[in-house]
Each structure stands twice: as structure tokens, then as C-alpha cells.
Amino acid sequence: MSREKLYEMLRSLVEHGKAGTMEQVDEVVAIPASDYTDEDKFEQEVERIFKRVPVTVAPSCELPEPGCYKAMDIAGIPVLVTRQKDGTAQAFLNSCTHRGNPVAQGSGKATRFTCGYHGWTFKNDGDLLAIASAKDFGAVDKAAFCLTKFPTLERAGLIWATLDPDSTLDMEAFLCGYDEMLEHFGFKDWHLFDKRTLPGPNWKTAFDGYLDFYHLPVLHKDTFGADFFNQANYFAWGPHQRLSAPSIYAQKTGSEEKLDLSKMNEEDWPIEALTQGVWTIFPCVSIASFFGGGGRGAMISVLYPGKTVGESFTTQYYVMEHEPTDEAVRQGAHDQFAFLETVVAEEDYKTGKRQHESLQSGLIDKVWFGRNEGGGQAFHQWVEKLVKADDAELNRIFAPQLQAAE
Ligand code: FES
Ligand SMILES: [Fe+2]
């Protein structure tokens with residue numbers, strides 16, 4: 001069924017491409033400029049979105065084998081993600097149950113973690129294995145001192161965690177069937193080529209840019225070019241949205257040739273055409289695929305809010321369908337990734353920072369999203385809706401039966 005959906009979307013993109021049109025939403029919409037600058041609002045978004053809904057913590061290929069782990073910080077919460085003996089991924093609060101010191105730093109391979117403060121040791125499934133100088137410490141029930149687990153789900157080659165150990169939100173239902181669409185990339189068998197973390201502006205300012213093709217030929221005129229497309233059609237699965245340019249053209253990995261999809265049999269449409277564009281995962285992921293630059297690749301950008309309203313951090317994971325085996329492909333992938341980093345850091349995020357400073361003057365009361373910016377409109381509506389929802393309402397919004405009925 002999800003494959004048929006890919007065809008349905010591409011048919012509509014080709015039709016619009018032929019006609020030179022795009023899908024537009026009903027209205028031009030304004031949102032208060034303070035949505036981007038208000039500290040209280042920002043705190044609420046962190047509490048009610050990032051600490052309540054599943055957030056992507058890693059592509060599966062970052063932890064390819066049992067024993068792999070990484071420690072990270074998400075919105076002030078220390079998180080440890082491990083690949084356990086049985087191959088499943090698990091996220092934990094990276095905080096020792098003795099007195100709270102993080103038990104792991106960085107990333108690597110380890111089947112156990114010894115806390116650097118007093119030496120308590122945990123297995124990578126979170127069990128407390130040993131208490132240092134146990135006799136001196138006194139009797140405790142080790143089973144009650146496991147690392148705190150966060151609900152964790154691995155689908156479509158991505159790992160999600162809900163950063164509330166007591167969450168009752170159904171993680172699969174939250175994905176609204178979007179994970180089935182993402183499966184078509186086959187990320188679970190891909191290879192992590194490189195990753196890096198960039199500082200950025202307010203998390204919503206940063207995310208707006210991923211939902212927006214309107215700016216491409218203007219802001220990115222020196223990198224993508226001034227004749228780059230600026231239209232997108234949006235396709236939604238709950239709060240998750242794919243955007244893709246209406247066009248009859250597509251490109252295949254390793255070829256400069258432009259394929260005219262309108263002249264091909266549908267069964268010959270390549271997977272690159274069926275999945276092209278940007279796939280965002282609410283609230284903080286953007287996946288953009290690339291071909292050329294050394295093979296089929298994708299940049300998975302995962303952004304989390306920083307400590308203040310004007311800061312965010314984005315980790316860019318450059319993943320490739322095949323691990324490059326020769327130097328030319330490796331160099332091509334390296335150059336492509338360096339180029340994308342420059343585009344995001346020097347163009348998108350620098351602009352976002354300037355935009356934020358300007359909005360902080362308080363002298364602009366609204367910002368606008370056009371009929372061609374339906375993705376941004378939908379994103380802000382979802383943020384608003386989820387911030388307002390109490391826990392029961394949140395569970396209702398993502399109830400499994402409602403998602404199944406869509
Ligand atoms: S805080 Fe970890 S052993 Fe004491
Ligand atoms: Fe951009």
C-alpha cells in the first residue's frame with residue numbers, strides 16, 4: 001500500500017510539473033512573531049513536545065552491531081543509546097542510579113559502563129552489574145537500581161525515544177504510518193559515512209527552512225543556483241510531511257542524465273524519483289536524498305532545541321546506500337557532505353540567526369506563510385496543538401485506532 005502511495009505522489013508531481021503548477025493551501029496565514037522569541041513559549045515547547053513525543057535519536061547504522069553505544073544531550077536530558085545483545089536498540093537516562101553522574105561519554109563499543117565517580121557498573125541493557133566496595137556500601141536491591149529506560153522504537157532504519165520514562169503515548173501510532181513510507185529508502189542496511197553537529201538558530205526557525213523550497217533560488221543562489229526550483233507539493237502523515245518539487249524530471253544515482261518521467265512507463269520510474277524531495281519527521285528531522293557525489297546518499301538532519309530560545313543544535317548524518325570502496329567515490333561523498341554543511345551553516349542558519357535578532361526587536365508583530373508554504377503552516381499548527389494538549393489529549397490525537405483509520 002505504501003508503494004502505491006509513492007506512485008500516487010509522483011503522478012501528482014509529474015502532472016503539476018507538466019502544467020507548471022503546484023498545490024496551494026487555502027490562505028496566507030500569519031503567526032505571532034513572538035512564537036519564535038518568547039522564552040516561556042520556548043520552555044513549553046521543550047516540555048510538551050520534546051519531552052513528550054518520540055524524537056529521533058540516531059539512524060540505525062550509527063549503532064550497527066550489539067555493543068555499539070552513544071551518549072548525547074537532548075534538550076538538557078542526558079541520553080545513552082545502546083545496541084543490546086539481542087540486537088535491539090534501547091535508550092536510557094545517562095545518569096548513574098547512585099548519585100546521577102553520567103555513566104557513558106561519547107560513542108564506541110562497550111558491553112558495560114563503569115561510572116567514573118564511585119565505580120558502579122551497568123550492563124548495556126541497563127542492569128546494575130556491580131556496586132563498588134559493595135560490603136562497605138551496604139545492602140541494596142540491585143534490581144531496583146537499573147538505569148532508567150526511555151520507551152524506544154526502531155523503524156525504517158531510525159531509532160526513536162520518548163524522553164519520559166512513564167510515557168503512555170503509543171510510539172507507532174505517533175508515526176502515523178510514515179515509517180512505512182520511510183522504509184522505501186532501506187536505511188537499515190545503509191552505512192553512516194560521516195556526521196557533524198552545527199549550532200543553529202531557534203529550533204522552529206531552523207525547522208521552517210527544511211519545510212520551505214520557496215527560499216531555494218534566493219538564499220541559495222550562489223550554491224544551488226538562481227534558477228533552482230522554488231515550488232513544493234506537501235504530503236502529510238499526521239504531523240510528518242514530505243515535500244517535493246512538481247517536475248517531470250528526475251535523476252538516477254551515478255548519472256547526470258535527466259529522465260523525463262512523463263515519457264516513461266511508470267514501472268520504470270526509479271526509486272530515486274519515487275522518494276525525491278525532503279522527508280521531515282516531526283518535530284526535528286529532515287531527510288534529503290542526493291545522488292551523484294559518490295553514490296546514493298541522504299543527509300539526515302536531526303535538530304534539538306538548545307538552552308535558550310535562540311539556539312538549536314543540528315546533527316547531520318550523511319548516510320550512504322553502500323559504503324564507498326574506492327577513493328573517488330569517497331572523495332565525492334566527502335565533497336557533497338562538505339558542500340551541504342556549508343549551505344546549511346553559512347546560508348540557512350546564518351540567516352536564521354539574523355532573522356531571530358531582528359524579531360527580537362519586538363517591532364514586528366507577525367510573520368507570514370503564503371499559500372505556497374503549506375508545510376510551514378501545518379508545522380506551526382501542530383506545534384500549537386501539541387503544546388496545548390494535556391497528556392490524555394495527546395494520547396487521543398495519536399490513538400492507534402485513529403491512525404489506522406486514516
Ligand atoms: S554517581 Fe555513579 S557510582 Fe556514584
Ligand atoms: Fe535552505
Side-chain angles (χ1 to χ4, degrees), residues 71 78 80 92-105 110 112-124 126-138 140 142 144-148 198-232 234 241 243-245 276-280 284-290 298-303 312 314 316 336-356 369-370 372-373 375-376 379:
L80 168 65
F92 303 93
L93 179 65
N94 186 13
S95 196
C96 177
T97 50
H98 177 220
R99 287 233 286 281
N101 186 50
V103 298
Q105 275 92 37
R112 57 186 61 174
F113 302 98
T114 298
C115 176
Y117 196 176
H118 312 90
W120 286 26
T121 299
F122 299 85
K123 294 197 328 199
N124 71 353
D127 283 358
L128 174 58
L129 192 66
I131 291 175
S133 304
K135 261 198 248 133
D136 297 340
F137 187 81
V140 290
K142 279 205 279 191
F145 286 83
C146 302
L147 293 177
T148 300
L198 314 174
N202 168 272
W203 77 276
K204 291 189 296 188
T205 307
F207 208 62
D208 281 347
Y210 293 107
L211 283 162
D212 174 355
F213 284 179
Y214 187 28
H215 76 285
L216 299 182
V218 182
L219 181 59
H220 302 307
K221 62 181 183 313
D222 298 330
T223 44
F224 292 159
D227 53 359
F228 211 70
F229 51 77
N230 75 345
Q231 295 181 317
Y234 294 90
Q241 305 186 70
L243 54 157
S244 196
Q276 71 191 2
V278 173
W279 296 73
T280 67
C284 59
V285 179
S286 150
I287 301 170
S289 46
F290 296 95
M299 190 164 78
I300 304 178
S301 305
V302 183
L303 79 94
S312 64
T314 302
Q316 301 179 320
Q336 171 100 342
F337 193 28
F339 169 75
L340 294 171
E341 183 197 2
T342 306
V343 170
V344 174
E346 298 300 319
E347 296 179 347
D348 292 302
Y349 287 180
K350 266 198 184 156
T351 302
K353 284 276 185 199
R354 283 195 288 262
Q355 189 189 349
H356 190 78
F369 288 83
N372 57 345
E373 299 181 283
F379 167 61

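Each ligand, and each atom within it, is numbered from 1 in the order the structure gives.
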Show, in sequence, the C-alpha distance, side-chain angles and deciding distance for Thr114 and Thr121, and conclude whether the side chain to side chain donor-acceptor pair (under 3.5 Å) test is met. CA-CA 4 Å; Thr114 298; Thr121 299; 2.9 Å; yes
With a cut-off of 2.8 Å, does any N, O or S atom of His98 fall short of it relative to atom 4 (Fe) of ligand 1? yes
Would you confirm whether Ser95, through its side chain, and Gly100, through its main-chain N or O, come within 3.5 Å as a donor-acceptor pair? yes
At under 4.0 Å between heavy atoms, what of Trp120 touches ligand 1? The answer is both
Per residue Asp348, nearest N, O or S atom to the Fe ion (ligand 2) is named OD1
Gly119 neighbourhood, listing ligand 1 atoms whose heavy-atom distance to it stays under 4.0 Å: 3 (S)
Test item: Asp348 and Tyr210 side chains (from C-beta on) under 4.5 Å apart, heavy atoms: no
Which residue holds the protein heavy atom closest to atom 1 (S) of ligand 1, what is that atom called, and what is the gap in Å? Arg99 N, 3.3 Å
Is the distance from atom 2 (Fe) of ligand 1 to the nearest N/O/S atom of His118 under 2.8 Å? no
Lys142 side chain vs Ala130 backbone, donor-acceptor pair below 3.5 Å: no
Kindly say whether the aromatic ring centers of His98 and Phe137 come within a distance under 6.0 Å. yes
Student check: side-chain heavy atoms of Val103 and Asn94 closer than 4.5 Å: yes
For atom 4 (Fe) of ligand 1, decide whether Cys115 has an N, O or S atom at a distance under 2.8 Å. no
